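Below is one structure, written out as structure tokens; the observations come after it.
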Amino acid sequence: MTFLDVIIRGLKRRPLRTGLTLLGISVGIAAVVALIGLSRGLVTSWTAGMRQRGTEIVVSNFRGSLTPKPFPAFTRDRIANLPGVAATCTILVDLMGIENAELMIVSGREWGCFAWENLKLVSGRMPNDQNEHAVVLGTNAADILKKKIGDTVQIETEELTVVGIANGGAFVENGSVILPLPLLQQITGNHDQISAIDVRVTPGMNDAGIRHLCDEMNKLIPEGHAEPAGEHIASSEGYRVINAMSWGTSLLAILVGVLGVTNTMLMSVFERKQEIAVLLALGWRPSRIVRMILWESALLGFLGGIIGVLLGIIGVQLLKMAPALRGMLEPDLRTNLMLEAIAIAVFVGVLSGLYPAWRSSRVAPSLALHG
Amino acid sequence: MNLTSSPSKAGAASRYVFEATGLIKDFDDGQVHALRGVDLQIEDGEFVAIVGPSGSGKTTLLQMLGALDRPSEGTLKYRGESLLDLPDPAAYRAHEIGFVFQAFHLLPTFTASENVQIPMFEDHKSRAERQERALELLKAVGLEERVNHYPAKLSGGERQRVAIARSLANSPSVLLADEPTGNLDSESANHVLDLLRSLHADRRMTLILVTHDMSIAACAQRAIQMKDGCAVFDGDPAKLSIHRIA
């Protein structure tokens, strides 16, 4: 028998109570995994989409807004000829309800620019020119909208023909409705307005060079803001709000977990008062009793963390299917998020065990000779 | 003897294991007087029975001897060193004292062997050493067939024998037993009493046993009778009943 056995037996003594406490922690951790995974997924999905397009810098205007504000298309002219800029592509992106889908990414792209190059046709063709009333659907978008070549898609008041279904190589690209920029500008009434400029830099430019180029661009375009691709999402107001809400909700769930574990451990200490007194009478130091209680609560946290991570993964898969999120982002469930969640759970366990552990250290050993 | 780091069972700065002078213990801000000035000396290897009715102070006295509580006033020495100034009472309880309780106080989710190993965690024994020692002690109390039994599967007498084996885990020199036969039928009580007497004889341990049963007290070499927090008799157990009548 090891000290760990003593700790495990302590938890197994009241299996129902231990199980319910584990459930309490795991729900909190599941919330962390699901919500943080989704909010981080927003960044990684969009970053992956831009990598697929070969975009290294994005000029956009997120300031003071949850979604990018449109700005004049001619802004591009001020940066296109900067040294280090290899190519640019003006884009207008919007989130719209389309037919039976609550929210879809609609991406209007400058005709002929590099942002069309990553689209690998699965079926159909590309639009013939920027004036054709046609769209290309990403593979997921086609699934969500249940469209095939030749069908029409209604965007706002316009009916557009689906001429191609393409694999964009990234979740966001595959979840998008893609059409020529002028067409989307006309549909949305954003004449000569864009929401982003995708920039490719000259081959071989390192991160420092890209950041320097961003700084140069920002001096020239007060109406927009240039940032390395992906960072513009992470630093946007919208993402920060989503992230704060995710953490806020998660912390509330974790707080409930803390109270649950504290209650369980406190009950355990009260119930085992005489047993603790006996252990003290048998020569255990109060510090060992404190360690025992802290390890028990840490183990509760650890197990709750593992269960929570599993529940979170299941929860995320269900959330992904929600109409508002389908096809829009791929949750970021990397190992480091799982480890962070388990570390939070263990921390929650230890934190919750502090007061009960302190109470256990106050048990009088003389209680051993009572009853 | 150094009670802090390495308790020496052989060390004998005094001929007495315990020396108490003017031991007073009050509870509830002095409203309850559990001990009212007890003086006693107990020699190494003695078998002493502490008798008396409920509330007489015998269990409180045992708590003081086991460093489970501190007296309100008076002095109490263990082998010449003050028990009141112990920097680490846990070390004293772990290495010098073995406790046997009336209600056994075995941990229900641990087997007999595991229960015996519990005190050894403070003795820095390896897992294998703990297991080996537990087996040896359970054999010594005649429970080698019950090593892996949980307390719920043991009779009252067997549970108390496991508790006695546990009290011996760290080879203490003093055994403090609080009504060890109080929860047992007469046959089991006799077995447990025989076991305690043989331990006292074979291991030359100091055995201090609290009981209200005069027949058990009669087995001791010496009896101390408590009444209202005072030691009213200290001597040959055979004279105890005469004293009571008187």
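Predicted model, so just to flag it, every value in this text is computed and none were measured.
Cation-pi geometry between R166(B) and F99(B) is not met at under 6.0 angstrom from the ring centre and within 45 degrees of the axis. For the pair R291(A) and W295(A), the cation does not sit on the ring face, since its NZ or CZ is not both under 6.0 Å from the ring centre and inside 45° of the axis. Relative to the ring axis of F121(B), R285(A) does not place its NZ or CZ within 45° and under 6.0 Å from the centre.
When all heavy atoms of R133(B) and E136(B) are compared, the pair lying nearest together is NH1-OE2, 2.9 Å. For H212(B) against G52(B), the heavy-atom pair with the smallest separation is CB-O, 3.8 Å. When all heavy atoms are compared, the tightest approach of I7(A) to M292(A) is CG1-O, 4.1 Å. The minimum heavy-atom distance between A134(B) and Q117(B), with the atom names listed, is CB-CG, 3.7 Å.
Of residues 9-33 of chain A, those residues with a non-hydrogen atom less than 4.5 Å from any non-hydrogen atom of chain B are, in numerical order, R9(A), R13(A). Residues of residues 174-182 of chain B placed with any heavy atom under 4.5 Å of a heavy atom in chain A are listed by number as D178(B). Along residues 348-366 of chain A, the residues that come nearer than 4.5 angstrom to chain B, judged on non-hydrogen atoms, are P365(A), S366(A) in order of number.
Electrostatic pairing of R127(B) and E132(B) does not count as a salt bridge here, judged by no charged N lying under 4.0 Å from a carboxylate O. A salt bridge links K25(B) to D69(B): at least one charged side-chain nitrogen sits closer than 4.0 Å to a carboxylate oxygen.
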Inset, instruction - List the steps, then state whether side-chain hydrogen bond (donor to acceptor under 3.5 Å, both in side chains) holds for T2(A) with D5(A). - result: CA-CA 5 Å; T2(A) 63; D5(A) 292 324; 3.3 Å; yes

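Residue pairs that meet the salt bridge (Lys or Arg N to Asp or Glu O under 4.0 Å) test with at least one member in residues 147-163 of chain B, sequence neighbours left out, are R146(B)-E158(B).
Both the backbone and the side chain of Q63(B) come within less than 4.5 Å of a heavy atom in chain A.
Using a 30° and 60° split on the angle between ring planes, Y78(B) and Y92(B) fall in the perpendicular class, above 60°.
At least one side-chain heavy atom of S173(B) sits less than 4.5 Å from a side-chain heavy atom of R79(B).
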